[in-house]
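Every value quoted in this text rests on a predicted model; they were computed, and no experiment measured them. Numbers here are sequence positions counted from 1.
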Amino acid sequence: MNMTTESFDALSLFSGGLDSILATKLLQSHGHRVLGLHFVSPFFGKPEKKDFWESEYGIPVEVIDVGQEFVDLMAAFPPHGFGKVLNPCVDCKILMLRRAKELLPAYGAKFIISGEVLGQRPMSQRADTLNIIRNDADVRDVLLRPLSAGVLQPTPMEESGLVDRSKLPSLVGRGRKGQYDLARALGVTTIPTQAGGCRLGERESARRYWPILRAFPRPLAHYFDLANVGRQLWRDGGHWLAMGREHKDNEKLLKLVRPEHYVFVLKNFPGPHAVGCPVPDRDWPEDILAEAAACLASFSPKARRSGGEVEVAVTRFGQERIVAVRPDAPHGFTDNATWPATRAQQKEWEKSLGR
């Protein structure tokens with residue numbers, strides 16, 4: 001986070017979606033100086049679009065990394081539970097609002113804006129849930145939801161005259177016509193797509209993340225960055241390989257490597273790279289390293305056709321060693337985590353906690 005020294009009247013939860021753009025532009029049109037806070041984690045966020053948002057919409061944006069806070073929230077089981085997949089939408093919004101409130105003094109801001117629309121989302125935007133979010137985040141006195149303000153109770157900002165309530169709309173429900181009309185009125189011509197913005201709502205991503213939550217005593221945010229790349233292969237005992245599917249994956253994985261990781265690279269054949277992420281204080285024994293190297297080699301067609309042993313370089317803490325393996329040697333690394341199995345385990349976890 002590279003915090004600006006400029007002061008603002010309000011901070012906006014800015015996802016880059018249409019609702020957050022409209023909420024921010026609406027308050028700007030009333031003469032308020034608004035800073036968009038774009039929260040990022042391994043699961044959501046598009047920090048690379050910051051410059052575009054600022055130039056296209058005239059909205060200053062600050063990128064706020066909440067990755068580890070979010071992972072800690074998930075690992076402890078979100079107080080308000082998960083949605084249909086692995087998405088803790090209610091607790092996610094609470095976390096963001098708490099952080100925004102903490103940042104108010106840093107920017108001299110008086111209140112927070114959210115683009116939530118009453119009734120738009122079944123889990124996090126019901127009337128009762130909006131109240132829970134506001135109360136649990138302790139932002140009752142500083143939160144304004146301008147897009148639905150006309151059908152919500154007046155906030156202190158409206159009651160004091162700081163914000164003119166008569167100029168705020170009364171959007172409700174899942175329809176988008178009201179948003180499109182407001183966009184035209186505000187001169188917003190570039191409308192972002194409605195594509196989902198959080199990987200935790202996707203089954204494919206959830207089954208990648210779930211083993212990490214169960215295998216590591218305290219999962220770290222960068223584990224999930226690894227899980228977003230290539231194949232995810234696991235072996236009994238919590239041994240995990242992230243393996244590239246193509247050259248771009250290999251490059252991404254190498255950028256994510258940390259000293260404690262095991263990096264596997266074929267020496268004399270083209271093929272994927274792999275990163276082994278060990279549970280802290282549990283080094284991989286020789287047989288596991290050999291299985292991981294054989295697994296890597298098995299994904300190289302040329303290595304398989306060689307008919308004999310191949311060399312795999314294994315690097316950790318800057319030290320490289322060579323492991324000779326046969327690409328057809330048996331190994332225990334598999335990608336057999338299905339969504340139904342993941343969901344069943346998630347429910348068992350919830351039950352064990354008495355939720």
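For CG of Asp128, the number of neighbouring non-hydrogen atoms (other residues, nucleotides, ligands) closer than 6.0 Å is greater than 12. No more than 12 heavy atoms of other residues, nucleotides or ligands sit less than 6.0 Å from atom CZ of Arg203. Atom NZ of Lys252 has 12 or fewer heavy atoms from other residues, nucleotides or ligands within 6.0 Å. No more than 12 heavy-atom neighbours from other residues, nucleotides or ligands sit within 6.0 angstrom of NE2 on His247. Under a cut-off of 6.0 angstrom, the local environment of CD in Glu320 is crowded, with over 12 non-hydrogen atoms contributed by other residues, nucleotides or ligands. A 6.0 Å sphere centred on CD of Gln319 holds no more than 12 heavy atoms belonging to other residues, nucleotides or ligands.
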With side chain to side chain contact (heavy atoms under 4.5 Å, CB included) as the criterion, how do Leu289 and Arg321 come out once you've worked through the C-alpha distance, each side chain's angles and the decisive distance to 0.1 Å? CA-CA 11 Å; Leu289 291 173; Arg321 54 181 295 192; 3.6 Å; yes

For a side chain to side chain contact (heavy atoms under 4.5 Å, CB included) check, start with the C-alpha distance between Ile133 and Val90, then their side-chain angles and the critical distance, and finish with the verdict. CA-CA 7 Å; Ile133 291 170; Val90 174; 3.8 Å; yes

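The backbone N or O of Cys89 lies less than 3.5 Å from no partner atom in the side chain of Asn87, so there is not a single donor-acceptor pair. Put simply, the side chain of Arg165 never gets that close to the backbone of Glu158: no donor and acceptor are under 3.5 Å apart. Using modelled atom types, no side-chain atom of Asn250 and backbone atom of Pro272 make a donor-acceptor pair closer than 3.5 Å. Proximity of a side-chain donor or acceptor of Tyr57 to a complementary backbone N or O of Thr190 within less than 3.5 Å is detected. In this structure, the side chain of Arg99 does not engage the main chain of Val66 through any donor-acceptor pair within 3.5 Å. Put simply, the side chain of Ser300 never gets that close to the backbone of Ala297: no donor and acceptor are under 3.5 Å apart. Under the 3.5 Å distance criterion, the side-chain polar atoms of His32 are left unmatched by any main-chain donor or acceptor of Ala10. No side-chain donor-acceptor contact under 3.5 Å links Lys101 to the backbone of Val139. No donor-acceptor pair closer than 3.5 Å links the side chain of Glu309 to the backbone N or O of Val325. Without hydrogens or angle criteria, Arg304 side chain to Ser298 main chain gives a donor-acceptor distance under 3.5 Å.
In this structure, the separation between CD1 on Ile288 and CD on Glu286 is 10.5 Å, given to the nearest 0.5 Å. Atom CZ of Phe14 sits about 13.0 Å away from atom CD of Glu62, to the nearest 0.5 Å. We find the CG-CZ distance between Asp72 and Arg218 to be 4.0 Å, quoted to the nearest 0.5 Å. Between atom CH2 of residue Trp53 and atom CD1 of residue Ile21 there is a gap of 8.0 Å, rounded to the nearest 0.5 Å. Separation of atoms CG (Leu103) and CZ (Arg98) is listed at 14.5 Å; rounding is to 0.5 Å. Rounding to the nearest 0.5 Å gives a distance of 10.5 Å between CD of Gln28 and CG of Asp9.
The same ILVMFWY cluster, assembled from side-chain heavy atoms under 4.5 Å apart, contains both Leu13 and Phe70. Residues Val265 and Tyr262 do not share a hydrophobic cluster, clusters being chains of Ile/Leu/Val/Met/Phe/Trp/Tyr side chains in contact below 4.5 Å. Under the 4.5 Å side-chain contact rule for hydrophobic residues, Leu200 and Ile94 share a cluster. Linking ILVMFWY side-chain heavy atoms closer than 4.5 Å, directly or via other members, places Val257 and Phe264 in two distinct hydrophobic clusters. Residues Phe77 and Phe43 fall within the same hydrophobic cluster, defined by Ile, Leu, Val, Met, Phe, Trp and Tyr side chains chained together at heavy-atom separations under 4.5 Å.
Here the closest heavy-atom approach between residue Ile191 and residue Ala183 is recorded as CD1-CB, 3.9 Å. Between Arg199 and Asn228, the closest heavy-atom pair is CD-OD1, 3.4 Å. Scanning all heavy atoms of the two residues, the minimum distance from Gly238 to Ala215 falls at CA-CB, 4.4 Å.
His261 and His222 have their aromatic ring centers within a separation under 6.0 angstrom. A ring-centre distance under 6.0 Å is not found for Trp240 and Phe333.
Between Glu116 and Ser148, every side-chain heavy-atom pair lies at or beyond the 4.5 Å cut-off. Side-chain contact check for Phe216 versus Cys277: some heavy-atom pair is nearer than 4.5 Å.
Asp136 and His80 form a side-chain donor-acceptor contact under 3.5 Å, judged by distance and modelled atom types alone.
Stacking of Arg214 on the aromatic ring of Trp349 is recorded, both the 6.0 Å distance cut-off and the 45° axial limit being met. Remark: Arg282 is not positioned above the aromatic ring of Trp284, lacking an NZ or CZ atom under 6.0 angstrom from the ring centre and at most 45 degrees off the axis. For the pair Arg33 and Phe8, the cation does not sit on the ring face, since its NZ or CZ is not both under 6.0 Å from the ring centre and inside 45° of the axis.
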